[in-house]
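A short worksheet on the structure shown next.
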Amino acid sequence: MKKENIEEVIKILSETYPEAKCALNFNSPYELLVSTILSAQCTDVRVNQVTEELYKEYNTPEKVISLTEEELGEKIRSCGFYKNKSKNILGATRTILKEHNGEVPNTMEELIKLPGVGRKTANVVLSNAFGVPAIAVDTHVFRVSNRLGISKGNTPDAVEKGLMENIPRDMWSDTHHYLIWHGRQICKARRPNCDNCPVAPYCEFFNNLVEEKK
DNA sequence: CTCCCGATAT
DNA sequence: ATATCAGGAG
């Protein structure tokens, strides 16, 4: 898609979803890190439900590290992948305590060294906890970017690279949230609601549908 | 590429 | 019944 059209798409999405922001509830970088690890293949609603209870007692590295893998796993069970997530949260917490003086690191390089933390999770933490411009490519951003044609790629890394090239740095974090909101409300995985999509005129996916019907 | 995995929408 | 949900590791 042409750069001027990409800017127009972002403008329309910003007007459509002015309230778009991080959907995960957190009160510290550490809470956001844990919530984001939990959010893999799980709805943010479920994560918030689990963490509201979890963070009452266990909201710091020092407190979480007192739990066994089985104990933590049981508390986060309903988020799915609970054995991996429990092991990763405890592993990441251990590293934060040993190597980072109990503070969540604020660089991509250090974040992705933590177990269970890849580029997507690292970008969420950088953007929402530390105010660093970043575009986390999750399932929604990946799907919506490819459909619209604002950044096409076979992997999240490729889509992230394209988005960073096509979007002004100071719009990265906001755009990331617009794309997620749009993916949830209109450009859904199963039955995208193109009839009510404000950016359909610019969308490659929609325009291809129109072509096929001719 | 496969595996991890429970909850919900369709 | 099955696809999908703020992915990451082996």
Side-chain angles (χ1 to χ4, degrees), chain A residues 13 17 19-26 29-55 69-70 72-96 104-105 108-130 132-147 151 153-161 163 172-195:
Chain A
L13 292 178
Y17 312 105
E19 78 284 15
K21 60 177 177 58
C22 183
L24 299 169
N25 296 332
F26 65 99
Y30 180 71
E31 286 189 5
L32 178 59
L33 176 67
V34 172
S35 290
T36 309
I37 292 174
L38 289 176
S39 72
Q41 296 296 289
C42 178
T43 61
D44 56 289
V45 174
R46 171 69 53 185
V47 173
N48 287 333
Q49 190 176 317
V50 165
T51 57
E52 181 177 6
E53 190 62 30
L54 177 67
Y55 295 159
E69 204 172 305
E70 290 70 26
L72 179 57
E74 200 47 46
K75 294 180 184 301
I76 65 172
R77 189 174 194 280
S78 67
C79 290
F81 299 155
Y82 63 93
K83 291 181 182 175
N84 283 340
K85 288 175 181 176
S86 177
K87 181 178 297 188
N88 287 335
I89 288 168
L90 288 173
T93 300
R94 206 170 297 122
T95 302
I96 287 168
V104 176
M108 171 64 70
E109 186 185 359
E110 294 301 323
L111 280 167
I112 59 178
K113 286 182 185 170
L114 301 174
V117 178
R119 282 193 72 85
K120 181 265 173 178
T121 298
N123 276 325
V124 168
V125 172
L126 287 172
S127 170
N128 295 295
F130 297 121
V132 177
I135 304 178
V137 178
D138 62 20
T139 182
H140 298 299
V141 175
F142 184 78
R143 179 182 68 252
V144 175
S145 297
N146 271 302
R147 279 187 183 157
S151 176
N154 299 322
T155 66
D157 283 8
V159 169
E160 182 189 337
K161 187 167 181 291
L163 288 172
W172 286 358
S173 295
D174 284 338
T175 301
H176 155 74
H177 290 115
Y178 300 148
L179 293 175
I180 290 184
W181 248 243
H182 190 55
R184 286 193 177 130
Q185 300 185 25
I186 301 286
C187 196
K188 295 180 285 188
R190 276 213 189 172
R191 207 165 52 82
N193 190 356
C194 300
D195 290 341

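Chain letters run A, B, ... following the sequence lines, proteins first, then strands; residues in each count from 1.
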Ignoring backbone atoms, test whether A:Arg190 places a side-chain nitrogen or oxygen under 4.0 Å from the OP1 or OP2 oxygen of C:dC5. no

Need one value for A:Ala23: base, sugar-phosphate or nothing, where a base atom within 4.0 Å counts as base even if backbone is also close, heavy atoms only. base

Could you check whether A:His177 and A:Tyr17, counting side-chain N and O atoms only, form a donor-acceptor pair closer than 3.5 Å? no

Roughly how many Å is it from CG in A:Asn123 to C1' in C:dG8, rounded to a whole number? 14 Å

Start with the C-alpha gap between A:Ser127 and A:Ser173, add the side-chain angles, then the distance that decides, and say whether side chain to side chain donor-acceptor pair (under 3.5 Å) holds. CA-CA 6 Å; A:Ser127 170; A:Ser173 295; 3.0 Å; yes

To the nearest Å, give me how far apart NZ (A:Lys120) and P (C:dG8) are. 6 Å

Can any side-chain N or O of A:Arg143 pair as donor or acceptor with the backbone N or O of A:Cys187 at less than 3.5 Å? yes

Figure out the NE2/C1' separation between A:His176 and C:dG7, and round it to whole Å. 13 Å

Mind checking if A:Val141 touches a base, just sugar-phosphate, or nothing, with heavy atoms under 4.0 Å? nothing

For the backbone of A:Glu53 and the side chain of A:Lys75, can you confirm whether one donor and one acceptor N or O come within less than 3.5 Å of each other? no

Minimal heavy-atom distance between A:Leu13 and A:Tyr178, with the atoms involved, is CB-CB, 4.0 Å

Separation of atom CZ in A:Phe142 from atom C1' in C:dT4, rounded to whole Å: 15 Å

Between P on C:dG7 and CG on A:Leu33, what's the gap in Å once rounded to a whole number? 15 Å

When you match A:Asp44 and A:Leu114 each to their closest nucleotide on DNA chain C, which lands nearer the 5' end? A:Asp44

Rounding to an integer number of Å, can you tell me how far A:Lys188 NZ sits from C:dA6 P? 12 Å

Taking every non-hydrogen atom, the tightest pair across A:Ser86 and A:Leu72: OG-CB, 3.5 Å

When we call it a touch if two heavy atoms are under 4.0 Å apart, what does A:Arg77 touch: a base, just sugar-phosphate, or nothing? sugar-phosphate

From NZ of A:Lys113 across to C1' of C:dA9 the rounded distance in Å is 18 Å

Tightest non-hydrogen contact, residues A:His176 and A:Ala134, listed as CB-O, 4.3 Å

Over all atoms of both residues, closest heavy-atom pair of A:Phe130 and A:Pro105: CE1-O, 3.4 Å

For the residue pair A:Ala92 and A:Pro115, what are the closest heavy atoms and their distance? N-CG, 3.3 Å

Report the nucleotide, chosen from C:dT2, C:dA6, C:dG7, that has the shortest atom-to-atom distance to any side-chain atom of A:Thr121. C:dG7

Using the P atom as the reference point in each nucleotide, state the distance between B:dT2 and C:dA3 in Å, no decimals. 14 Å

Which part of the nucleic acid, if any, lies within contact of A:Cys22, taking any heavy atom under 4.0 Å across all strands shown: a base, the sugar-phosphate backbone alone, or nothing? base

Given atom CD1 of A:Ile37 and atom P of C:dG8, what is their separation to the nearest angstrom? 9 Å

Chain A vs DNA chain B, heavy-atom contacts under 4.0 Å, first-to-last nucleotide span, 5' to 3', is B:dC4 to B:dT10

State, to 0.1 Å, how close A:Arg77 and A:Tyr82 come at their nearest heavy-atom pair, and which atoms those are. CA-CB, 3.7 Å

Assign A:Ser35 to base, sugar-phosphate, or nothing according to its heavy-atom contacts below 4.0 angstrom with the strands shown. nothing

For C:dA6 and B:dC3, measure between their P atoms and round to the nearest Å. 24 Å

When the P atoms of B:dC1 and C:dT4 are compared, how many Å lie between them, rounded to an integer? 16 Å

Could you check which residues of residues 80-93 of chain A get a heavy atom under 4.0 Å from DNA chain B? Sort them by number, please. A:Gly80, A:Phe81, A:Tyr82, A:Lys83, A:Asn84

Check against side chain to side chain contact (heavy atoms under 4.5 Å, CB included), A:Asn25 and A:Tyr55: CA-CA 10 Å; A:Asn25 296 332; A:Tyr55 295 159; over 6 Å; no

Once you apply a heavy-atom cut-off of 4.0 Å, does A:Leu24 come out as touching a base, just sugar-phosphate, or nothing? base

Distance test, side-chain N/O of A:Thr36 to OP1/OP2 of C:dA6, below 4.0 Å: no

